[in-house]
Amino acid sequence: MVRLITHNLLACHAKGCTTNNFPLQFKDVSIELREAELNPDFIKGFLPRIEWKALVDAARQLGDTTLPSEMPEMVDDEFLKNLHHVLLEMHVEEGAMICPNCSHVYAISNGIPNMLLAEHEIA
Amino acid sequence: MYSQYLCQFAQVHEQFRIPELMSVSELHGFNIELPDDMDVTRPFMILGLESDEHARILTQRCILVKSICEFYARGKTYEELHMQTRADPSKWARYVENTSFKMKVTAYNHSIPQTRARDVVEDFSYMGMLGKIDMIQPEITFVCYEEYVDKHGTTREKHEGDGEFREVFFGRLIDEGSARRLVKSFDVKKRKYYGNTSMEAEISLLMANQTLASPGMLIYDPFVGTGSMAYTTAHFGALFFGSDIDGRQMRGKAESPGIIRAAAQYGVDKRIIDLCTFDVTQNPWRCGEMFDAIVTDPPYGIRAGAKRLGRKARPSGAPPRTVAPRSESRPDDQPYIPPTKPYELSALATDLILLSRYLLRHNGRLVFFLPTVTDEYEEVDVQTMLCEGMEVVANSLQDFGSWGRRLITIRKTSSEKYAPPTFEPEGRRLELEKADVASKHVPAHKDFRMKYFKKFNKEDYVA
Ligand SMILES: C[S@@+](CC[C@H](N)C(=O)[O-])C[C@H]1O[C@@H](n2cnc3c(N)ncnc32)[C@H](O)[C@@H]1O
Ligand SMILES: [Zn+2]
């Protein structure tokens, strides 16, 4: 699946790759939209964890432009719905995520990203 | 103000009963008063609760609760029981005039012959119930429970020893437990996807209750395997995230991942946020304090090997290894499988707690199984792996004879930010020293795999 909430939480963790290792860049992705139940408390509680720019950029790259560039100070229903949609309803099924720093390619197949490192990449 | 309630437990998992009650009451924000002379091995217990409503919350959520009654009386004999019942008619007087009722007489570890059951009912006639007896849909049900000691393993006639009960209890039924049904609904054998590491349904449900799973929570299993705890925590409304070093465990053979297929069967596939393949000791989490609970059955080297990326230490003088070529974009079911090295259990347990301290939010819970050697286990074993900011809430043994596994529930009591663990011996040592635990103590779960294969024969492994 790789929902955007997940994408927002994963950084490259290859040996020595500690700066500019987030967000991973999507490449050759196929996307599916699937409805999910809205839980406003969950979304609000999660807000402080989000790296906002990374989320907005990823959403825009995948064709959703509903989120403002700056995290708004006031959280209204409209915004919650849009944020819910971006975080939980956009699924990347196939493709890859690439580290902007070391170019490691993390493949996604049938919705499961392979974040496993090869031998020479572990600390 | 507490009133007394009579709780009847299912005849299993004794040590899990109280932790479950306490978790469910914490989740719903009420208190339970436990009896001073508490004996968890007995199937009946008098609990102090503030309302019938709280009793119903327990019967609807606790897997191990069979029923809860408003408590009227108990006795070693029926004389005692009747004396107490008569002494306090205020409890039942309001039902005398005009309430349809039935009376149930049953026993634990015994079956009462019908003729005597009828006599028992007769003996309550002093209550003077005027309402009609309704066996199908009574407004209230009185219950009389006789508790017999377990005669398991002995042969006897069906009604032998009738009347020789240990104690008898009497009360008004509030509710029969409805959560026990879930044990059947989550039966592993009826699941669309499972494997030889799948956790039995009842235990997965008990684990979910220990996490306080509820809507709006985010729960993580870092050794998710075939996802047994994903289904039960999601059933209670939580969102779930799973990862495993072996993608095939989560995926199975079909195109769509096995865990998602099984979750769909329970109507909770949308609550599985994502599944990821990675070694938890080389994890890609960008930040900490994300999860409300971590629930897991870590690998302890018997069925599912405890392993992590890397190679075993080589003898000195051995030629250097050639390094694998740079990995290209590769799904995890393709041939390249990185080499792994063993992961000793006590190191893994300490790492899991340190990782949880990093990944959990304040007051979040870690719920996990720790296998241990029955004869060698000591209370302090669990303390040897605790670090600062984490506190044991519950510790329940599931006994398999020479070994057993303990379901440990730990709460992150600290609101501080912590660094991720190093997953190396030096890092562990520093943390345990800080926590000032008995770091010289060697816990019984150390080298569990080796001990298991030596059949827990101490002479074979103690130098
Ligand atoms: C006891 S099984 C968990 C079973 C799971 N509860 C289920 O319902 O199937 C342990 C799992 O841990 C995985 N594992 C072992 N070492 C690991 C590591 N270093 N990182 C992540 N997963 C690991 C194994 O692949 C296995 O699936
Ligand atoms: Zn990188």
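Just so we're on the same page: letters track the sequence lines, and every chain starts at 1. FYI, side chains are in, hydrogens and waters are out, and symmetry mates aren't considered; it's all heavy atoms of this structure. Not measured: the values here are computed from a predicted model.
- At a cut-off of 3.5 Å, with distance as the only test, no side-chain donor of B:Arg286 or A:Asn21 sits close to an acceptor on the other residue.
- Between B:Tyr418 and B:Tyr358, the ring center distance fails the sub-6.0 Å criterion.
- Contact of B:Phe423 with chain A is not made at all, since no heavy-atom distance falls under 4.5 Å.
- With respect to A:Glu35 and B:Lys270, no salt bridge is recorded, no charged nitrogen being found less than 4.0 Å from a carboxylate O.
- Aromatic pair A:Phe42/A:His84: centroids not less than 6.0 angstrom apart.
- Only the backbone of B:Asn283 comes within less than 4.5 Å of a heavy atom of chain A; no side-chain atom from C-beta onward does.
- Ion pairing between a basic and an acidic side chain is recognised when a charged N comes within 4.0 Å of a carboxylate O; A:Glu89 and A:Arg34 show no such pairing.
- B:Arg365 and B:Ser23 form a side-chain donor-acceptor contact under 3.5 Å, judged by distance and modelled atom types alone.
- With a threshold of 4.5 angstrom between heavy atoms, A:Glu37 approaches chain B through side-chain atoms but not through N, CA, C or O.
- Options B:Asp279, B:Ile260, B:Ile272 differ in how many heavy-atom pairs under 4.5 Å they form with chain A, and the most are formed by B:Ile272.
- The contact between A:Ile5 and chain B is made entirely by side chain atoms (from C-beta outward), counting heavy-atom distances below 4.5 Å.
- Ring centers of B:Phe186 and B:Tyr231: at least 6.0 Å apart, outside the cut-off.
- For B:Asp269, the part sitting under 4.5 Å from any heavy atom of chain A is the backbone (N, CA, C, O) and nothing else.
- Using a 4.5 Å cut-off between heavy atoms, A:Leu88 contacts chain B through its side chain alone, with no backbone atom that close.
- Interface remark: A:Ile50 contributes backbone atoms only to the contact with chain B (heavy atom separation under 4.5 Å).
- Contacts of B:Leu239 with chain A are made by side-chain atoms alone, with heavy-atom separations under 4.5 Å and no backbone atom involved.
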